Amino acid sequence: MEPASESGGYVQSLARGLAVIRAFDESRPEMTLSDVARATDLSRAAARRFLHTLVQLGYVWTDGRVFALTPRVLELGFAYLSSMSLPEIAQPHLERLVSRVHESASVSVLDGDDIVYIARVPTSRIMTVSINIGTRFPAYATSMGRVLLAHLPADHLDEFLARVRLDPLGPHTLGNPEELRVELARIREQGWALVDQELEAGLRSIAAPIRDRSDQVVAAANISSHASRTTGEQARENLLPPLLETAESIHADLRVTPGTTSATQ
């Protein structure tokens, strides 16, 4: 193989190998060695090495004169599609949920000590900061974060509670790690979390877990509302049932989608 040329982490041989794969398209489904060399600006010797390596790996087929891609190249894109499947699957479910409850809904995953939004359907702005895909908040003060923390393995939760700093972000933020531990145990038992003005004054939200094909909690979905128009009791009576239905519908789709994961943001 051609030696790798690295500058600042750039591997030239990898880039050239990918260029050979990309050279095949609808207008050039089959190419000779000379065709590939011209399409990629490689020498015939270099093109031959890359092609024969791809043949040995099963990504390219040849009859000795022409070369063509094999279906195995789909594996390269499948990894990306699989990693993106959770937000893609969740989005239409959130849209249907929002049409029912007329409040904003989101899905997030746990990243370190924060939640990260990976899908969202807003209605009206109810926080002082704008929430978009990729927005991060401390997990301890959010309904989705509480759900995700509640389903951590016991040793991971112990580590989190030992290091977390519970800053008073809202008027009702829990400030004691042991109180938070008790609340997380309750959330794990009941299967949902209600957070009342702990992240910000006026913000009330309710969240439920989303499970993957193996029934592991990989994300959380929530409905958020301004406290002036939705009481805690109203959130439990009117918002929780459709939220639980939505989380289960996402779970059902994840069960029948091969290779789905949570990583996506």
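Just so it is clear, the structure is predicted and the values come from calculations on it, not from any experiment. Throughout, numbering of the chain's residues begins at 1 and tracks the sequence.
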Next on the checklist: Less than 4.0 angstrom from a charged side-chain N to a carboxylate O is my criterion; do Arg146 and Glu198 meet it?
Outcome noted: yes
Checklist entry - Donor-acceptor pair, Asn132 side chain versus Thr135 backbone, under 3.5 Å? => result no
Checklist entry - Val218 and Val109: side-chain contact (heavy atoms from CB on, under 4.5 Å), yes or no, with the steps? => result CA-CA 7 Å; Val218 294; Val109 295; over 6 Å; no
Checklist entry - Do Glu245 and Arg96 come within less than 4.5 Å of each other through their side chains, counting heavy atoms only? => result no
Checklist entry - Shortest non-hydrogen contact from Leu180 to Leu166? => result CD2-CD2, 4.1 Å
Next on the checklist: Working to the nearest 0.5 angstrom, can you tell me the gap between Ile223 CD1 and Thr230 OG1?
Outcome noted: 9.5 Å
Checklist entry - Going by distance alone, is a donor N or O of one side chain under 3.5 Å from an acceptor N or O of the other, for Ser34 and Arg44? => result yes
Item to check | Sidechain-backbone polar pair: Gln234 side chain, Thr231 backbone, donor-acceptor under 3.5 Å | outcome: yes
Checklist entry - Just checking, is any N or O donor in the side chain of Glu103 or Ser225 under 3.5 Å from an acceptor N or O on the other one? => result yes
Item to check | Exam field: side chain Arg188 to backbone Ala150, donor-acceptor pair closer than 3.5 Å | outcome: yes
Next on the checklist: A quick test of your reading: do over 12 heavy atoms of other residues, nucleotides or ligands sit less than 6.0 Å from CZ of Arg163?
Outcome noted: yes
Checklist entry - With distance as the sole test, does Thr40 use its side chain to make a donor-acceptor pair with the main-chain N or O of Val20 at under 3.5 Å? => result no
Checklist entry - Within a strict 4.5 Å, meaning less than it, do heavy atoms of the Asn238 and Val101 side chains meet? => result no
Next on the checklist: What I want to check is whether the side chains of Thr32 and Asp35 have a donor and an acceptor closer together than 3.5 Å.
Outcome noted: yes
Item to check | Flag side-chain contact, heavy atom, 4.5 Å: Met31 against Val66 | outcome: no
Next on the checklist: Determine whether a donor-acceptor pair (N or O, by modelled atom type, separation under 3.5 Å) exists between the side chain of Asp167 and the backbone of Leu169.
Outcome noted: no
Checklist entry - Are Val195 and Ile131 connected in the hydrophobic side-chain network, where two residues link if heavy atoms are under 4.5 Å apart? => result no
Next on the checklist: When you compare the side chains of Arg229 and His226, does any donor N or O come within less than 3.5 Å of an acceptor on the partner?
Outcome noted: no
Item to check | Criterion salt bridge (charged side-chain N to carboxylate O under 4.0 Å, His left out) on Arg181 and Asp158, from CA distance to verdict | outcome: CA-CA 9 Å; Arg181 183 190 295 276; Asp158 288 343; 2.9 Å; yes
Checklist entry - Which atom pair, heavy atoms only, marks the closest approach of Pro87 to Ala119? => result O-CB, 4.3 Å
Next on the checklist: Please report the interatomic distance OG(Ser224) to CE(Met144), rounded to the nearest 0.5 Å.
Outcome noted: 7.5 Å
Checklist entry - Salt-bridged, Arg100 to Glu95, with N to O below 4.0 Å? => result no
Item to check | Enclosure of Glu233 CD (heavy-atom neighbours >12, cutoff 6.0 Å) | outcome: yes
Next on the checklist: Determine whether Phe24 and Glu30 satisfy the following criterion, side-chain contact (heavy atoms from CB on, under 4.5 Å), listing intermediate values before the conclusion.
Outcome noted: CA-CA 7 Å; Phe24 294 90; Glu30 295 184 350; 5.9 Å; no
Next on the checklist: Under a 3.5 Å distance rule, please check whether Asn176 uses its side chain to pair with a backbone N or O of Glu179 as donor and acceptor.
Outcome noted: yes
Item to check | Any Arg28 side-chain heavy atom under 4.5 Å of Asp25 side chain | outcome: yes
Checklist entry - Below 4.5 Å, heavy atoms only, C-beta onward: do Phe50 and Ile21 meet side chain to side chain? => result no
Checklist outcome for this item: Shortest non-hydrogen pair, Pro29 vs Ser27, comes out as CD-C, 3.5 Å
Checklist entry - Got a salt bridge between Arg186 and Glu189, using NZ or NE/NH1/NH2 to carboxylate O under 4.0 Å? => result no
Item to check | 4.5 Å side-chain heavy-atom contact, Ser13 and Arg16 | outcome: no
Checklist entry - Is a side-chain N or O of Ser108 found less than 3.5 angstrom from the main chain of Ile115, in a donor-acceptor match? => result no
Next on the checklist: What I want to check is whether the side chains of His251 and Asp212 have a donor and an acceptor closer together than 3.5 Å.
Outcome noted: no
Next on the checklist: Less than 4.0 angstrom from a charged side-chain N to a carboxylate O is my criterion; do Asp63 and Arg65 meet it?
Outcome noted: no
Checklist entry - Distance from Leu239 atom CG to His102 atom NE2, nearest 0.5 Å? => result 11.0 Å
Next on the checklist: If I compare all heavy atoms of Val147 with all of His151, which pair ends up nearest, and what's the gap?
Outcome noted: O-ND1, 2.9 Å
Item to check | Shortest non-hydrogen contact between Ala247 and Ala208, atoms and distance | outcome: CB-CB, 4.3 Å
Checklist entry - Can you check whether Leu33's main-chain N or O pairs, donor with acceptor, with Arg48's side chain at less than 3.5 Å? => result no
Checklist outcome for this item: Distance col, row Gln91:CD vs Leu94:CG, nearest 0.5 angstrom, shows 5.5 Å
Next on the checklist: Using the rule given for side-chain contact (heavy atoms from CB on, under 4.5 Å), can you reason through Leu149 versus Leu161, listing the C-alpha separation, both sets of side-chain angles and the distance that settles it, and then say yes or no?
Outcome noted: CA-CA 10 Å; Leu149 291 172; Leu161 292 172; over 6 Å; no
Checklist entry - Could you give the distance from OH (Tyr140) to CZ (Phe160), rounded to the nearest 0.5 Å? => result 8.5 Å
Next on the checklist: How long is the straight-line distance from CG of Leu152 back to CG of Leu148, given to the nearest 0.5 Å?
Outcome noted: 7.5 Å
Checklist entry - Between Ile133 and Arg120, which heavy-atom pair has the shortest distance, and what is it? => result CD1-N, 3.8 Å
Next on the checklist: Could you walk me through whether Leu194 and Arg204 satisfy the side-chain contact (heavy atoms from CB on, under 4.5 Å) test, starting with their C-alpha distance in whole Å, then the side-chain angles of each, then the deciding distance to 0.1 Å, before giving a yes or no?
Outcome noted: CA-CA 8 Å; Leu194 177 65; Arg204 182 173 285 126; 4.1 Å; yes
Next on the checklist: I'd like to check Val182 versus Glu178 (side-chain heavy atoms, cut-off strictly below 4.5 Å). Are they in contact?
Outcome noted: no
Checklist entry - Would you say the side-chain atoms of Arg72 pair up with the backbone N or O of Leu57, donor to acceptor, closer than 3.5 Å? => result yes
Checklist entry - Pick from Leu244, Asp196, Leu240: which one makes a side-chain contact (heavy atoms from CB on, under 4.5 Å) with Ile206? => result Leu240
Next on the checklist: Does any part of the side chain of Leu86, heavy atoms only, come nearer than 4.5 Å to the side chain of Ile250, both counted from C-beta?
Outcome noted: yes
